[in-house]
Structure formats: C-alpha cells, structure tokens
Number of protein chains: 2
Amino acid sequence: MNLKELSTILGLSQTTVSRALNGYPEVNEATRQRVLVAATQHNYRPNTRAKGLATGRALAIGHVIPMATKHEMVNPIFADFIAGAGETYARNGYDMVISVVDDGDEAQVYRNLKARGTIDGVILHGPRMNDPRIPLLDEIGLPYGVHGRASGINTPYCWLDVNNRSAFRRATDFLLDLGHRRIALVNGLEFMDFAHRRRGGYEDALRARGVPIDTALMRSDEMTEVFGYRSAVEMMARPEPPTAYLVASMICALGVRRAIEEAGHVLGRDISVVTHDDMLSYLQNGGDVPIFTATRSSVREAGRLLAELLLDRISDTTAPPGHILLEAELMVGRSTGPLATPALPNSAKD
Amino acid sequence: MNLKELSTILGLSQTTVSRALNGYPEVNEATRQRVLVAATQHNYRPNTRAKGLATGRALAIGHVIPMATKHEMVNPIFADFIAGAGETYARNGYDMVISVVDDGDEAQVYRNLKARGTIDGVILHGPRMNDPRIPLLDEIGLPYGVHGRASGINTPYCWLDVNNRSAFRRATDFLLDLGHRRIALVNGLEFMDFAHRRRGGYEDALRARGVPIDTALMRSDEMTEVFGYRSAVEMMARPEPPTAYLVASMICALGVRRAIEEAGHVLGRDISVVTHDDMLSYLQNGGDVPIFTATRSSVREAGRLLAELLLDRISDTTAPPGHILLEAELMVGRSTGPLATPALPNSAKD
DNA sequence: AATCATCTTCAAAGCGCTTTGGATGACCGA
DNA sequence: TCGGTCATCCAAAGCGCTTTGAAGATGATT
C-alpha cells in the first residue's frame, strides 16, 4: 500500500493525504480523521526511502564501532549502549545503522555514510586523545555525538561522558582511607581517553596524600578477564605486592578476583578491589550487596541520553552542541576492607 | 556530488555514467575509465535512498533484537554476532539496521520494517520453541535467517545453529567418563530453543548410562553471573551436592566458579565444571590452556555465515532456504577432573 | 450582485537514481 | 548505393514521497 493507492481509495489527492498524515493544519479535521482511519486500516506506512529522498533527511543515525583488528575485539559495553540509544531512536522514529569497522578504515566509512546520505548523524565510540575523527567529522559536515571526550581537542562538540577522573580519584581516596598504600591500577588502553582520565584521577589522589606513584603497580591493556588475571598474578608476585587493586571494568575485575582467590587470599579481607561498573545487563554486580565495591554509571542510560543530545543537535543546527557529564556513584560492596594488619595470623579474629 | 553534476562535468548523460559505474557492457571501455576516474576524483557515491527507490531494494539487513523487558537484559553474545554479520554486509555493500525491541512488540516492528521498505531481509535472534515470528515473517513476505532453530516448526526456513544437543551430550559423556554421576545442569531459559536442545543432550547422555535424571540438579534462567552463583550455592547446600556442573555460558560459569571457590573447593579437583564457550572477544577462555573445559563455537563466525546465507536467499528467492549446523568442539581445560574419591566422612557412601 | 478573504483541495514539480526504448553513427555485405 | 547489424550513447519515464503554487468553494462584506 502506497500513497497513491491510498489516496485513490479515499478519493483524495496525494497532497491532501500526505498533509493529513503529517499533521499539517490546512486540512479539514473530518478529512484528516477519514484519512487516518483508512491509513491504519490498510496498514499504510510511508516508504522510508521515498520520504528520505523527498525531505533530504534519512531519519537514521549511524554507529561506527571500531574493532581492534588485532584481537577482533568488540567492546562489551557496546550492546548495552546500543540498547539505550535504540530506545531513544525508536521513540523518535529514527532507525539505527551500525557499521563495524577495523580501526583505521574509519575515515572512509564516515565519508561514505555522508556521501551516500545513509544517515543524518553519527555516534562516535571509543574516543582517543586528540582523536582525529572529530576534526574529520567537522570537515565532512556530519553531525555527531561522542560517547566520551577527546582530551586535546578544544573545538566545541557534542558529547556525553562519565566523570572518570573524579570517579577514580574518589575510588583511590576510598582505598587510601582504608589504609592502603600500595594500590595497583589495572587500566584500559591509555591512549583511550577514558583510561587516560582514570589514570589522572588515580594519580591525583595519590599525589594529594603524598603516596608515591609507582609505575610497577600499573598495567594497561584491553580490558579482558585474562588481562585482569595476568596483571594481578604478576603484581602479587612482587616482593611488595599491592594490597588493593583499582580495576577498569567488571570483566577485568573478575580476572583479578580469580588471581586473588587462586593465590589463597580472601577478597575484601586480604586484598581489596575496586572496579568500575558499567551496569551491563548481563553482568550485574551481585544482588543486594554488590560483590565489588565499584564506581558505577549505567552505560545504557548513557546511550539513551547521548542519542537525545544528538537528535537535538540535528533538529537545531544553530544551537551550540550540548554535552553531559555524568558523575559515577561509589557503591561499597564486599570486595574492600581496611588494610589487613600483617600482624599475627588471623586466628585472634573471627 | 550527485549523478547529474557528475555527468555534466563529464559531458555525458546520466544514463551512460550510471551504466559505466554499475558495470554494464553497453558503454565504451575508454568512457568507462574516464567516468571511474572522475567519480573517485570527485568522491562521488550514489545516494542510497535514490538508488533504493529506483531499484526497489534497500541494500540493508535488519536485526531485531528482543530485549527481556523485565530485566532490560540484552544477550551478551549480540555484540560479537553483529560484528561477524557486519563483516559480511560490508563486503557485500549492505547496511545493517538494528532495532532493539521489548519482546512482545516484535510483530509490529517486522511489519513496519517491511511496509516502510527499510530492509531487504532480517536476522531473527533468540528463537524459541514454536517461535511465532517465523510464520509471521513468512506471512509478511520478509526474507529472514534465524540464528538458531525453532523446534516444532516444520516449514523450511533459513537458519544457522550450533548442534547444541550433541555438544551437551558430549560434554555430559565427558563428565560421566570421569566418573561423575551427580551432574548439575545450569541452563538458559528453557523456552529458548537452544536451551531446550541442550537439556535434551544432557538427558540423552544420562539416560544412555542409566543415570537417573534429577530435576533437583537442574536450574534454568537468564544466563547471568549471579544466576550461576546462586544456582551453585543452592545445589552445593544439598545433602548430596553435585560433583560436576554443566553450565550454559561463560558468564554463568564465572558465577559457578565463584560459588565453588567461595565454598573452599578447588575447581577441577573437587568439583568439575564444563561450560559452553561462545568465544566472545572480551571473554576469552584463558590463555594457552583454557580455564574452563568447554564446548566451543564462535558466535562471531556464526554471524558471518548466517549473514551470507541470508544474502544468498535474498539474491535468489527461488532456491530452497539454506542452513548450516555447526558442531561445537570440546576443549578440555583445567576445570574438570576425575571424580574426587571422597576421602573422609563420605567414604561410607556409595 | 460583485468582491474578497478564508478554507480546502489539487496538479505538478522535484528529490537522485535506474532502466526502457529509442537515436546516432560506423561499419559491413550485397 | 542501400538496408542491416553493432556499438555507443541519450531522453525521458518512473520509484513513492513532500511541497510549491494555484484553483475551487464558501461565506462574509460592500
């Protein structure tokens, strides 16, 4: 069923039917009702492509997700972010177009999407420091919203970020307050902006207390379970092993926990762990009491909000680009405790 | 830059330029080269919507991913599957359109996508037994490929599945061979087809050895870490706890492991665990030696292959729908071992 | 009764592409 | 010389929608 057929059935012109459906005022209210009824009755939906051609808008947003070529690694937070953004798009009648791209080929993909008119705007995932994609998108003239920020880029752009610096500073402070001094940082790849900022927060906190920053207690890589495990194993083998770990993601923290328990330690008693929890739907941090003490911020909510920001930007190009800085909350769970006094065996206790 | 502009620059008609670019024979080879050069030079890309309008094809595939409304739960294998399918689409010039939908609203979404002509076909995720979406898609006339199968539906359709039944039968056999008799099944939701089949394989194996099937050793729910943990905790508290666990996913197995280690047992010595490993990029099963003994099958590869199957189906509607049954391999890791001979008190037993 | 403003409605022109159904020569054999 | 066959190229129609510019109908105004 297309417009032409529908209008023939109704004995009206395409113009009138189109206007009736799109809520234009210059159509008799009775006629509009008649049209509306007929449209639902015949299950009419305007053809996306035709509508797009006529209006010049695609009513679609692209997500270009970079894939680490080396490990064919897709960021696990992606699914939940998409789910959140998808809600916003659905509410606003937009489609979501996804391209999974080897990092490096991205520029071509953006140009393509723009030139072919597939989308009206794009979400940029996984920004790096001085990320070249941002000036690129400005140059191309494709509206965008960044999930995160890019240190070093000072032109205004639309973004949503978690305050990673303050989150990790607070987490570090929390561990310092518990008496820990040898605090390890198991971080994401530090050319990624978020990881860079987290490290900044960690160092700020240490510096503020005069605790020396020891690069031997810092690791940085893709945030897999195995990476968490290996990092903890290595650092536990040191003459002066860390008494606490600050970890960049839940998955990574699971690896750290494995190492800790495999070594016969009790999490939260012998060794403390704080992680960042993106609140992924399939990786909830325990039940009532969180397993891990964690800085927490919903990546799904981030998806919802950033999508809104971008749609706003598209509908009003003149307004300055919006941005949102989310504060993560620190949830105290069972994975942290005061620095274990290496005094007599714990027989006295318990 | 559009066709009209490009053809003006070249001093040719739109027809000729179009044909040159699309590889039609009736254009002089010299002219074609001239066109090709000009096209790349001016960064020309045909407008997707216009092309779609003219050809009647969208050059896009939809993925409708159902979301458990209750828990806002998105299946974690989704990201990797998408990455695989995305590769195939990119290679074939297709876009990927994703809709995240509350389960229940799906029918409307499919009708919409079809009526609006947004896509040429769709991938159906998470099929259930007698899944009503399959007859629905047949009725609508929207080509589709199913990731999995739907028991109870006997009309031919295009699918790709892992042989879940044989995989879980083999895994169970493996545990039986090691001497285990009380083998727990920590399964996914059993109205999902894959979980149903896995349970079938598990029961087949037990039955074949005359081992009684004990529903007290079976759990079924969404495959989260917490679910794995709780299931194991509960079952370990039984008077005759399982000596081995067959678990439906890595994430779930992480929870089972947590419960086991928290109870002071050693994984692979005191208690065995076999899981299914979808080879998710961010959840690799250990390094050289897998942590978990697992039935293994790459969900990313599944994405690649199913996408190909669907594109084939779309390009040749007359051919019978293709399907692929992947066999999972059983990787022996460190989480399994022979039945521990009960040393002290339990020695009288059995 | 003629004029005008106000509602409604419509025909037709695009949006950028593919594709049908010719043109236009060049070349060839008769 | 002429019709016929190819090889190239083109004008124009059409895909399904929005939107511009106008026209008819109605009622109010003079």
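Each chain gets a letter, A, B and so on, in the order the sequences are listed, and its residues count up from 1.
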Practice prompt. Please identify each residue that fulfils side-chain contact (heavy atoms from CB on, under 4.5 Å) with D312(A), with sequence neighbours left out.
Written response: none

Practice prompt. Specify the separation, in whole Å, of atom CD of E26(B) and atom P of dC9(D).
Written response: 10 Å

Item to complete: Kindly write out the residues that satisfy salt bridge (Lys or Arg N to Asp or Glu O under 4.0 Å) with R313(B), not counting sequence neighbours, or none if the list is empty.
Response: none

Item to complete: For L10(A) and dC10(C), give me the distance from atom CG to atom P, rounded to whole Å.
Response: 10 Å

Response to the item:
In B/S/- notation (B base, S sugar-phosphate only, - none; protein heavy atoms under 4.0 Å), nucleotides 11-17 of chain D written 5' to 3' is BB-BBBB

Worksheet item: Among all residues two or more places apart in sequence or in another chain, which pass the ring pair (Phe, Tyr, Trp, His ring centres under 6.0 Å) test with F194(B)?
Response: none

Item to complete: For H42(A), check ring pair (Phe, Tyr, Trp, His ring centres under 6.0 Å) against everything at least two apart and list the hits.
Response: none

Fill in: Results of ring pair (Phe, Tyr, Trp, His ring centres under 6.0 Å) for H63(B) - residues two or more places apart only
Y89(B), H125(B)

Item to complete: Just report the end-to-end axis angle for the helix from dA1(C)-dT30(D) to dA30(C)-dT1(D), five pairs per end, to 10 degrees.
Response: 70°

Between the protein and nucleotides 25-28 of chain C, list the N/O to N/O atom pairs that are separated by less than 3.5 angstrom.
none

Response to the item:
salt bridge (Lys or Arg N to Asp or Glu O under 4.0 Å) filter on D131(B), not counting sequence neighbours, yields R133(B)

Fill in: Flag, side chain of S281(A) to backbone of V74(B), donor-acceptor distance under 3.5 Å
yes

Response to the item:
Residue set satisfying salt bridge (Lys or Arg N to Asp or Glu O under 4.0 Å) with R91(A), at least two apart, ordered chain then number -> E308(A)

Discussion item. If the condition is salt bridge (Lys or Arg N to Asp or Glu O under 4.0 Å), which residues does R116(B) pass it with, not counting sequence neighbours?
Written reply: D95(A)

Worksheet item: How close or far is atom P of dT26(D) from atom CG of N28(A), stated in whole angstroms?
Response: 12 Å

Practice prompt. Just grab all the salt bridge (Lys or Arg N to Asp or Glu O under 4.0 Å) pairs involving residues 18-30 of chain A, residues at least two apart or on different chains.
Written response: R19(A)-E26(A), E29(A)-R32(A)

Worksheet entry | dT8(D) phosphate, OP1 or OP2, under 4.0 Å from Y24(B) side-chain N/O | no

